[in-house]
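Here the structure comes first, spelled out in structure tokens, and everything after it is commentary.
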Amino acid sequence: MKTLNDFNFKNKKALIRVDFNVPLDDNLKVTDATRISCAKPTIIKILEDGGSCILMSHLGRPKGVQDKFSLKHIASKVEDLIGVETKFVSSCVGAEAEEAAANLKPGEILILENLRFHEEETKGNRDFAEQLSKLGDIYVNDAFGTAHRAHASTTVIAQFFPENKCFGLLLEQEIKSIDKVLKSDDRPILAILGGAKVSSKITVIENILDKVDDIIIGGGMAFTFVKAQGGSIGNSLVEDDKLEMALDILKQAEAKNVNIHIPVDSIIADAFSNDANTKICNINEIPDGWMGLDAGPKSRKQFHEVVMKSKTILWNGPLGVFEMENFANGTIALGNSIAEATKKGAFSLVGGGDSVAAVKQFGFEKKVSYVSTGGGAMLESLEGKTLPGIAAILE
Ligand code: AMP
């Protein structure tokens, strides 16, 4: 596995695929620069070696060229965060981009215009990838968030750098964190899967059954399992076409000696609203007209015990509707348990869009071992797939 530290970038132009797909407000100001900060170590290492950085990224899902998706809006933020003057070129291929890249001196940074202004990017077009490849001497992929896409700049481009391609420091760390969970010797290994739908996580569950000792199934997903086992779940979220599959997963888990932990109680509400009436109820005795929106106190205690005995912990998906204050406490309690276990030496990885949002919102970011930057990429890795962007560097 070739990483940044296998190269000396002195007098070299590094063509780096970063994930600068950051949120912008109505005034086109960056509202969360986490993704830019995450790319900083890679950029700094290359500049300190005496090389220069050509940064390429997508921003949003533009239809053709649309000013509001221009990467020029984030250039000053990059400059602030990296602390180095940053140039911008309003194209990513062609004469103008080639000239800007050719004129770049050691220690300088150039940002290319949004890759997705060209439909060839998402189509994985070979000619477009070849044009991009002309801009740099060494290709660095540091964009985990798009590593599951076989796009021109994330995958196809790598073939034009047979010897001179590597993972950036962020992508290297992401790969190592996932390996640390899926290939860990530090047992027990626990996976916590929450969120809304079982259907979006079936392949993950099936893949990790061979790798973990315990699985907590929480959030909306749990009700499909409870109903499949004959429980009454009232109006809670359920996928009726997945009941058989839920039973099959429980059977597979038993055969593989994996303990599946399903909540025993729930905070139920008479409407999907923060202002709804609520009460605590056994999870399999929810009356009609009521729905489970958070893990109850017995479940929190039960999950705390499982978390505390685990040495390796993966968390994907909230335990309740954490966006509403009154149904966030189960997710917060779980975050506290994971923070405590981490403090005692467990390795904890949090990944997947909503759990990352929850971790940030409730201040657990610094209390877990690693927070992944990729939602879809993380899920596909957990499904056991080799991501195209990763495979292209390894080939
Ligand atoms: P996912 O993207 O599958 O991880 O799902 C995240 C979403 O699941 C969040 O928006 C939560 O509000 C939602 N969620 C978690 N628990 C429940 C529940 N008991 N009922 C309905 N939605 C839930």
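Just follow the structure's listing: the first ligand is 1, and inside any ligand the first atom is 1. Since we're looking at a predicted model, the values are computed, not measured.
Judged purely by atom type and a 3.5 angstrom limit, S153 has no side-chain atom pairing as donor or acceptor with the backbone of R17.
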Pairwise, report which nitrogen or oxygen atoms of ligand 1 are under 3.5 angstrom from protein nitrogen or oxygen atoms, and how far apart they are.
{"unit_1": "ligand 1", "atom_1": "2 (O)", "unit_2": "D354", "atom_2": "OD2", "d": "3.4"}
{"unit_1": "ligand 1", "atom_1": "3 (O)", "unit_2": "A196", "atom_2": "N", "d": "3.2"}
{"unit_1": "ligand 1", "atom_1": "4 (O)", "unit_2": "K201", "atom_2": "NZ", "d": "3.1"}
{"unit_1": "ligand 1", "atom_1": "5 (O)", "unit_2": "A196", "atom_2": "N", "d": "2.9"}
{"unit_1": "ligand 1", "atom_1": "8 (O)", "unit_2": "A196", "atom_2": "N", "d": "3.2"}
{"unit_1": "ligand 1", "atom_1": "10 (O)", "unit_2": "E323", "atom_2": "OE2", "d": "2.4"}
{"unit_1": "ligand 1", "atom_1": "12 (O)", "unit_2": "E323", "atom_2": "OE1", "d": "2.7"}
{"unit_1": "ligand 1", "atom_1": "12 (O)", "unit_2": "E323", "atom_2": "OE2", "d": "3.4"}
{"unit_1": "ligand 1", "atom_1": "16 (N)", "unit_2": "G220", "atom_2": "N", "d": "3.1"}
{"unit_1": "ligand 1", "atom_1": "19 (N)", "unit_2": "G292", "atom_2": "O", "d": "3.0"}

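K12 NZ: 12 or fewer foreign heavy atoms inside a 6.0 Å radius. At most 12 heavy atoms of other shown residues, nucleotides or ligands fall within 6.0 angstrom of atom NZ in K68.
Partners of F160 under the ring-ring contact (aromatic ring centres under 6.0 Å, His included) rule, at least two apart in sequence or in another chain, do not exist in this structure.
Partner of I54 under the side-chain contact (heavy atoms from CB on, under 4.5 Å) criterion, out of V89, L104, L132, I16: L104 alone.
Below 30°, between 30° and 60°, or above 60°: for F322 and F362 the angle between ring planes is above 60°, a perpendicular geometry.
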